[in-house]
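First up is the structure itself, then whatever we jot down about it.
Remember, it's 1-based here, ligands and their atoms both numbered in the order they're listed.
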Amino acid sequence: MKVLKFGGTSVGTVENINNVKNIINDGDKKIVVLSAMSGTTNHLVSIANDIKEKKSNDAIEKINALHETYFKVVDALLTNTFLNAEVKEYITSVFNLLVESTYKSYSIQLENLILAQGELLSTFMVNKFLKQEGVSSTLLPALDFMKIDAEKDPDSEYIKARLNAVLEAAEDVQIYITQGFICLDKDGDISNLQRGGSDYTATIVGAAINAEEVQIWTDIDGMHNNDPRYVENTKPISNLSFDEAAELAYFGAKILHPQTVTPVRKINIPVRLKSTMNPDAYGTLIDGNHSENGVKAIAAKDNIIAIKIKSARMLQAHGFLKKVFEIFEAYQTSIDMITTSEVAVSLTIDDDKNLDKILVELEKIATIEVDKNQTIICLVGHSIVNHEETYRLFKILQDVKIRMISYGGSNNNISLLINSNDKIKTLSKLNDYLFELVTL
Ligand code: ADP
Ligand code: ASP
Ligand code: MG
């Protein structure tokens, strides 16, 4: 069985929902994972923020506007009057719950309950639309099987047991529809897999049922060789290894949630990226094979903080780095890049939740400099550290101020840290000289 995930744009308009119907209605048994309609989760985040800041009038205004939008979509999507009324009744119950939330005081549980409504709405609507169109499908509530543990990692054993039991109980169904993104936490409260998490749901589900393939259907024809939001003339890459895709997803290629590849790489389930609007395009196949060497793609990750830790005592002092790492570990903050010299170590983090506390601890053992507004530019490809192109990098980037370089950590990745203001210039230059074969 295959798992097909459709993102926010794919379920965002009547035309695209029709495309989804045509893609999934091929007679094969499958699990379909849906995101919220595009824009909905952003709205819900903003409503939760208003509640947090006790701006309940603002929240109610946004809730009413979104309610109206959903009614318009339903009118365009569901011409069957019975199904139209049924879906509107469900939508109204969801928006009543949102209005009631504005009377409550903020908690993370309340925020997570609010955020979960987007996927609950889209799956309910699409399932009824399929019914109208004569396509038989069944809703599989994600909260019946998706769960994360205390570390916020998927509880694989629980998911596998629950999901397979639910599937067995509804054995004769051809198309199962479920919610991406949402899950229960270790205490059984509603939670989620972080923004963009529906991709992760798809591969978690794929791993739990040992799927033949996981497909991520979105608004672009595969993983491109550079970030299309900032660079013109980017091109789709037809094949990526799990390692390459994992690096690109982690270092900012928004098409994939950072953890997407994790559940499937060790059991070798291929992941295919496809465009809902252009289903005939090949897209990208991610699997265990490595193809040609050289730089295949570039991604950028923003909101990086660089910390320089300088200590005269670092000179020949074994155990210094251990002390540094222990501080980051104590505050559960992971380090992305690291470079060292005789007297200093520079490293980067992307999570500033505990930054102040970390700095207090670091200042006890060293002098600290902090640079915010940094971006990691990540070049990915098989065996790039040995590739002839790689040596041109310094020349290509001679007028970009590079703060840090990470080379040789793995054969697939070279990372550069630059000021975020230089991001677009750097991405474009690399594109021209590495992919468009502009000569220096
Ligand atoms: P969905 O809602 O379907 O999950 P996303 O917006 O999360 O879609 O991801 C698709 C978007 O990712 C594309 O529209 C594109 O702008 C962006 N993107 C960023 N980097 C890349 C890349 N390297 N290749 C393709 N798309 C990328
Ligand atoms: N709806 C969620 C988000 O916008 C999850 C997803 O789209 O993957 O982050
Ligand atoms: Mg996404």
Side-chain angles (χ1 to χ4, degrees), residues 4-13 16-17 19-20 23 32-46 48 111-112 114-123 142 146 178-183 191-205 214-238 240 244-260 271 273-278 281 283-284 286 295-302 375 377-381 423-424 427 430-431 435:
L4 280 71
K5 175 260 173 175
F6 293 87
T9 327
S10 305
V11 293
T13 63
N16 291 344
I17 296 175
N19 289 342
V20 172
I23 292 163
V32 174
V33 175
L34 300 182
S35 293
M37 287 176 67
S38 50
T40 298
T41 311
N42 286 346
H43 267 97
L44 296 171
V45 167
S46 158
E111 169 161 347
N112 287 341
I114 293 172
L115 262 52
Q117 302 310 313
E119 272 70 14
L120 292 168
L121 283 165
S122 64
T123 45
M146 282 297 282
T178 193
Q179 297 85 21
F181 181 57
I182 64 175
C183 59
S191 185
N192 60 63
L193 301 172
Q194 309 296 318
R195 296 304 307 272
S198 299
D199 303 326
Y200 197 19
T201 302
T203 51
I204 294 168
V205 166
V214 175
Q215 299 180 350
I216 310 275
W217 290 81
T218 181
D219 57 3
I220 188 163
D221 55 349
M223 177 73 81
H224 278 219
N225 57 4
N226 207 327
D227 195 321
R229 293 169 297 175
Y230 307 111
V231 178
E232 284 173 14
N233 298 323
T234 61
K235 295 181 185 67
I237 306 165
S238 47
L240 282 173
E244 292 162 345
E247 301 267 14
L248 288 169
Y250 186 74
F251 286 108
K254 187 186 174 238
I255 185 170
L256 289 179
H257 177 281
Q259 298 297 335
T260 308
V271 178
L273 312 182
K274 296 279 290 175
S275 163
T276 306
M277 295 91 214
N278 184 10
T284 300
I286 302 167
V295 179
K296 271 196 193 165
I298 303 166
K301 187 173 176 183
D302 291 326
T375 291
I377 304 283
C378 171
L379 294 98
V380 168
K423 175 173 84 169
I424 296 180
L427 288 176
L430 288 168
N431 211 63
F435 302 139

### Task
Look up atom CD in Q117 and atom CG in L44, then write down how far apart they are to the nearest 0.5 Å.
7.5 Å

Closest approach of [X] and [Y], non-hydrogen atoms and distance?
{"X": "D302", "Y": "T375", "result": "OD1-OG1, 2.7 Å"}
{"X": "K296", "Y": "F435", "result": "O-CZ, 3.6 Å"}
{"X": "A297", "Y": "I237", "result": "CB-CD1, 3.5 Å"}

Main-chain N/O of [Y] paired with [X] side-chain donor or acceptor, under 3.5 Å:
{"X": "T284", "Y": "M223", "answer": "yes"}
{"X": "H257", "Y": "Q259", "answer": "yes"}
{"X": "E119", "Y": "A36", "answer": "yes"}

### Message
To check your reading of the model: name the closest protein heavy atom to atom 7 (O) of ligand 2, its residue, and the distance in Å.
### Response
S35 OG, 3.3 Å

### Task
Return the residue, atom name and 0.1 Å-rounded distance of the protein heavy atom closest to atom 6 (C) of ligand 2.
S198 OG, 3.4 Å

### Task
Kindly indicate whether the side chain of R229, heavy atoms from C-beta on, has any atom under 4.5 Å from the side chain of K254.
yes

#### Entry: Side chains of M277 and N16 in contact at under 4.5 Å (non-hydrogen atoms)
yes

Note every protein N or O atom lying under 3.5 Å from an N or O atom of ligand 1, pairing the names and giving the distance.
residue, atom, partner, partner atom, Å
ligand 1, 2 (O), G8, N, 3.1
ligand 1, 3 (O), T218, OG1, 2.7
ligand 1, 4 (O), K5, NZ, 3.0
ligand 1, 6 (O), K254, NZ, 2.7
ligand 1, 8 (O), T218, OG1, 3.1
ligand 1, 12 (O), I255, N, 3.4
ligand 1, 14 (O), D219, OD1, 2.8
ligand 1, 14 (O), D219, OD2, 3.3
ligand 1, 23 (N), H224, O, 3.2
ligand 1, 24 (N), H224, N, 2.8

Which ligand 2 atoms does [X] reach within 4.0 Å, using its non-hydrogen atoms?
{"X": "E119", "answer": "1 (N), 2 (C), 5 (C)"}
{"X": "T41", "answer": "1 (N), 2 (C), 3 (C), 4 (O)"}
{"X": "R195", "answer": "3 (C), 4 (O), 9 (O)"}

### Task
Look at ligand 2 and say whether G197 reaches it with a heavy atom at a distance under 4.0 Å.
yes

### Task
Would you check whether G196 has a nitrogen or oxygen atom less than 3.5 angstrom from a nitrogen or oxygen atom of ligand 2?
yes

